[in-house]
Colleague: 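Structure incoming, see below.
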Amino acid sequence: MNPNVNIIANRLSLRPPQRDSLEILARLCDIVPLEKNTDVAQALKTVQAEYVTVTDFERDFPSLCFALATGVGKTRLMGAFIAYLFKAEGIRHFFVLAPNLTIYNKLIADFTPNTPKYVFQGIADFAVEPPEIITGDNYESGRGIRKEGAKQQRFGFEIGAPVHVNIFNIGKITSIETPKGAVKTNVPKFRRLQEYIGQSYFEYLSKLDDLVLLMDESHRYRASAGMKAIGELKPILGLELTATPHVERGGGTQPFQNVIYAYPLSSAMTDGFVKEPAVATRENFNPKNYDDAGLERLKLEDGVRIHENTKVELEVYARENGKPIVKPFMLVIARDTGHADALMKAIEDEAFFEGRYKGKVIQVHSKQSGEERDETVEQLINVEKPDNPTEIVIHVNMLKEGWDVTNLYTIVPLRAANSKTLVEQSIGRGLCLPYAKRTGVGVVDRLTIVSHDKFQEIVDYANSPDSVIRGGLKVVYVTDERSKVVLAEPEIVNRIAEARATYGTGGTAPAQQQPLLFESPREQEAAKATLEVIRREFERLPRSADLTKPEIHKQIVEKVKEAITPAQQELTGIAEQVNVAEVVAKTITLRNELSIDIPRITVQPVGDVTRGYREFNLNLASIRLQPVDNEILIQELHRREQHRLMSGTGIVPEKKLEDYLVRGLIDFNDICYDDHAGLLYNLAGQVVAHLRSYLKNEDEVLNVLQYHQQALVNLTHAQMQEHYEEKAAAYEAHVSKGFTTMRPNNYSAPAGETERDFRAPVSDKQDIRKMLFAGFGKCLYRVQKFDSDTERRFAMVLENDKEVLKWFKPAKGDFQIHYASEASYEPDFVVETKTVKFLCEPKAASEMNDAEVLAKAKAAAEWCAHATTHEKQHGGKPWTYLLIPHDVITDNKTLQGLAATYTYGGASSGKR
């Protein structure tokens, strides 16, 4: 594995497609000369030999396109590209090109330190001296040249000249603007002699021998004059990023010929990196019943209803999960600027939901210019901020502007378009997830298009093979790698039913086939039943050794007999009967030999404990739910799921309005009516009073309480959690299970992957996560996968150590070690020796002092302390946690030797 790729990918938390792209760049640096005036034809042949999708660079210099779906993170990938080229290749000059002012401003913000989305966050090389940012607005000052070649002093250390990142848009390159009173000229400012530079900035850049060009949304300006000028800069490498790797030409679509990596929308949706698009309509809706104005009004109103419902659900999710509250907005796509003006007037009118959205609507269209356009662009960039008042954006002819936000949840297209355009252009603006990953909550993860009249067309297109949602782009640019599922059973299961078991050879001797414990199918069935009975009913015992006690053994035998009785009766007098007691005894003995007791530990309060909710005032400022006169049907485009906003039909009427909410609140397990009745009616009264403050009459209040009962109940309950109190005299660790039964591990691997000898050196270390390893003598699974070659070498240490009895790599859920509010930790290895049990974490030496690594280590060490207390009470072995730097793991080490230095909390390791 390329160490620079690994460091950057970890520091920037790159997603798999981002990391794949970075690995491809690293390979390009190995095979393509990064120098001016390189042999482009030869470079193309070299690239084609490894990347068959590249048929032409389409430039006079090597240029490759990375086609990543919107929402995956192209800007962060640009940061990773720059960090790698500087760290690995020493390149210091970069030119980032944006298609328009919106993206230009966004890129400047994202490349500026101490901003929320800073692309170099965590990159050590840029911590002391961040890259110098030169833009189309400040290059004339000469700031991109003054520091060239200069050594600087920082904190007493001499550092080299900084990395230069130039950020321009096409307009800045082609502009022929001249100062007031100056002679008019057709020569672009970019090419004019600059007083502070002594030459044109274009000329200066063109002479650099390490200029790399990064093109964001490159499909927007491929054929422009600005792109021709960029080519004349003669960069040593071009890196293009776009979600749309084709251009419209001659009435058709022309794909890029230099796509080296494609990760289409269909893949991003499958992997959960973007929202799920959905389309909304009314049940049994017939557009013929409406004139154009009525249909437009209906779609706007339904869009607002969905928007308001989404706003509530987002707040509930944020409060329940301790996340920042996301303020959603609705996008309305208008026909033209006149239509946009009319829509804005209608939406801000008192007749539209009582004028609730006055001052909360902005227009964006291509005819805006000057200060008006700049102000609107700034509002677009800031629309994600919670304090931004905008809730509705009216958009004209700017869907391709490239402003991608995370809080767009509802789209109402009101301009004529076919289903393909509606889906591909509309959803492209709102697919980014606010929490960077799917939450599992439908509303939080969903982007809804309101298009009653186009409903069926959109659904049909989304389900068609040519749809980008179903994988249209994938067919053209990506060759699917076939994979297979590998089921790795615990060795105990292999010994019962398979002849391929390898456990028990030990040392450095090659693994030997072990005999099956039971040859008879009936005995194997009884043995499997024994394991299931133990898993289901006997893990509560303090230790697995208790399974051999006569009274426990007898109970297990009886339950196994019950489990296999039907089969026994069918074969009475025909087949040989099973000696269940003998099978159970043998299975328990082998099970204990082929497992490691891992207690399930929870920390609980003891002594006098008081629990309850404090009195408080609900925060209802964002609640503007509206009455609904028909059920709204939402049909998922991708999953084909159906969702409905609750209907009041069939709801039993309550005597008091507050009862609609109280009835729902007492259904929660943590709320006792007798203990909290006063608080519940107080909170319900606050909600009713709030609804009365903006709805017209009691009928509308009743309508909202019926239709949106669950949303209001969930919001109230979520805010109650912030005021929950639990006070205890002390806390103690509780062991709910003395041991757990080992479960199968499921791995994915390339279809052609076969099991490898874990002792054989791995040449392609970057692919080690795809590999399957076997040949172990002490591992409790016959097959294992490793995340790094360090882990493979650590497995060799364990296999060679005579003191080690057994080990395995735990799966998710095997431990409940919590190191943060919602985060749990699974150590890399569990090891049992003759005297001690270990949790082991091989870690990159550079990450040993990482805050998250140390937080996990602290939690694991505390878990080991509790587990040791439990083990000592029941005659077991102590637990120890090892945090081991990768560069000390060699074949001549022993586990005890490593433990002497790297036991977390041990005196020998100083701070550890």
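Heavy atoms only: backbone and side chains are in, while hydrogens, waters and symmetry mates are out. Just so you know, residue 1 is the first one in the sequence shown, and it goes up from there.
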Colleague: Looking only at side chains, do T741 and E539 share a donor and an acceptor under 3.5 Å apart?
Modeller: yes
Colleague: Heavy-atom count check: over 12 atoms from other residues, nucleotides or ligands less than 6.0 Å from E558 CD?
Modeller: yes
Colleague: Identify the heavy atoms of L780 and S595 that sit nearest to each other, and give their distance.
Modeller: CD1-CA, 3.6 Å
Colleague: Would you say the ring centroid of F776 lies under 6.0 angstrom from that of F758?
Modeller: yes
Colleague: Salt-bridge test for E755 and R782: reply yes if a basic N is under 4.0 Å from a carboxylate O, no otherwise.
Modeller: yes
Colleague: Report the relative orientation of the aromatic rings in Y435 and Y317; use parallel for angles under 30°, tilted for 30 to 60°, perpendicular for over 60°.
Modeller: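 The rings of Y435 and Y317 sit tilted, inter-plane angle from 30° to 60°.
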Colleague: Show the nearest heavy-atom pair for residues K778 and L805, with the distance to one decimal.
Modeller: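 Result for this residue pair: CB-O, 3.9 Å.
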Colleague: Salt bridge or not for E491 and R495, using N-O below 4.0 Å?
Modeller: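 No, E491 and R495 are not salt-bridged.
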Colleague: Any idea how F120 and Y118 line up, ring-wise: parallel (<30°), tilted (30 to 60°), or perpendicular (>60°)?
Modeller: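 If you compare the ring of F120 with that of Y118, the planes turn out perpendicular.
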Colleague: Check this for me: does any side-chain nitrogen of one of K559 and E537 sit under 4.0 Å from a carboxylate oxygen of the other?
Modeller: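 Yes, this pair counts.
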Colleague: With R792 as the cation and F794 as the aromatic partner, state whether NZ or CZ is under 6.0 Å from the six-membered ring centre and within 45° of the axis.
Modeller: no
Colleague: At their closest point, which heavy atom of P827 faces which heavy atom of P810, and how far apart are they?
Modeller: O-CG, 3.0 Å
Colleague: Look only at the side chain of D445 and the backbone of G440, and say whether a donor-acceptor pair between them is shorter than 3.5 Å.
Modeller: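 It does hold such a pair.
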Colleague: Apply the side-chain hydrogen bond (donor to acceptor under 3.5 Å, both in side chains) test between N6 and each candidate in Q766, E23, K765, R19; give the one that qualifies.
Modeller: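 With N6 as partner, Q766, E23, K765, R19 yield a single side-chain hydrogen bond (donor to acceptor under 3.5 Å, both in side chains), made by R19.
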Colleague: Give the minimum heavy-atom separation between V583 and E523, together with the two atoms involved.
Modeller: CG1-O, 3.8 Å
Colleague: Decide, yes or no, whether a salt bridge links R522 with E525 under the criterion of side-chain N to carboxylate O below 4.0 Å.
Modeller: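 Yes, this pair counts.
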Colleague: Give a yes or no on whether the backbone of G73 and the side-chain of Q18 come within a donor-acceptor separation of less than 3.5 Å.
Modeller: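 Pair found, side chain donor or acceptor close to backbone of G73.
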Colleague: Which atoms form the tightest heavy-atom contact between E791 and F786, and what is the distance?
Modeller: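 Shortest heavy-atom separation between E791 and F786 comes out as OE1-CA, 3.6 Å.
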Colleague: Is the side chain of D850 donor-acceptor paired with the backbone N or O of V853 at a distance under 3.5 Å, no angle test?
Modeller: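 Here the side-chain-to-backbone pair exists.
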Colleague: Is a side-chain N or O of E489 found less than 3.5 angstrom from the main chain of Y781, in a donor-acceptor match?
Modeller: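 Here the side-chain-to-backbone pair does not exist.
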Colleague: Any salt bridge linking E532 with R536? Criterion: basic side-chain nitrogen under 4.0 Å from a carboxylate oxygen.
Modeller: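 Yes, this pair counts.
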Colleague: Taking T894's backbone N and O only, do any of them form a donor-acceptor pair with D801's side chain (distance below 3.5 Å, no angle check)?
Modeller: no
Colleague: Taking the ring of Y613 and the ring of H723, is the distance between their centroids below 6.0 Å?
Modeller: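 No - the distance between ring centres of H723 and Y613 does not fall below the 6.0 Å cut-off.
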Colleague: Keeping E753 on the side-chain end and L772 on the backbone end, is there a donor-acceptor pair under 3.5 Å?
Modeller: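 Yes; at least one donor-acceptor contact below 3.5 Å.
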Colleague: D764 side chain to D767 main-chain N or O, any donor-acceptor pair under 3.5 Å?
Modeller: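 Answer holds: no.
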Colleague: So, using ring pair (Phe, Tyr, Trp, His ring centres under 6.0 Å) as the criterion, who are the partners of W879 when residues are at least two apart?
Modeller: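 Per chain and number, W879 pairs via ring pair (Phe, Tyr, Trp, His ring centres under 6.0 Å) with W863.
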Colleague: Treating E847 as the side-chain partner and K843 as the backbone partner, does any N or O pair qualify as donor plus acceptor under 3.5 Å?
Modeller: no
Colleague: If you measure only the distance, is there a donor-acceptor pair under 3.5 Å linking the side chains of R543 and N592?
Modeller: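 There is no such pair between these side chains.
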Colleague: Could you grab the distance from atom CG of L898 to atom CD1 of I884, nearest 0.5 Å is fine?
Modeller: 5.0 Å
Colleague: Do you see a donor-acceptor pair shorter than 3.5 Å between the side chains of H866 and E862?
Modeller: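 Not at all, the side chains of H866 and E862 share no donor-acceptor pair under 3.5 Å.
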Colleague: Taking D787's backbone N and O only, do any of them form a donor-acceptor pair with R769's side chain (distance below 3.5 Å, no angle check)?
Modeller: yes
Colleague: Any ion pair linking D271 and R15 (charged N to carboxylate O, less than 4.0 Å)?
Modeller: no
Colleague: Are the charged groups of K549 and E551 less than 4.0 angstrom apart, N to O?
Modeller: no
Colleague: Would you check if there is a donor-acceptor pair between the side chains of K586 and T589 at a distance under 3.5 Å?
Modeller: no
Colleague: Quick one: does L531's side chain get under 4.5 Å of I496's, heavy atoms only?
Modeller: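 They are in side-chain contact.
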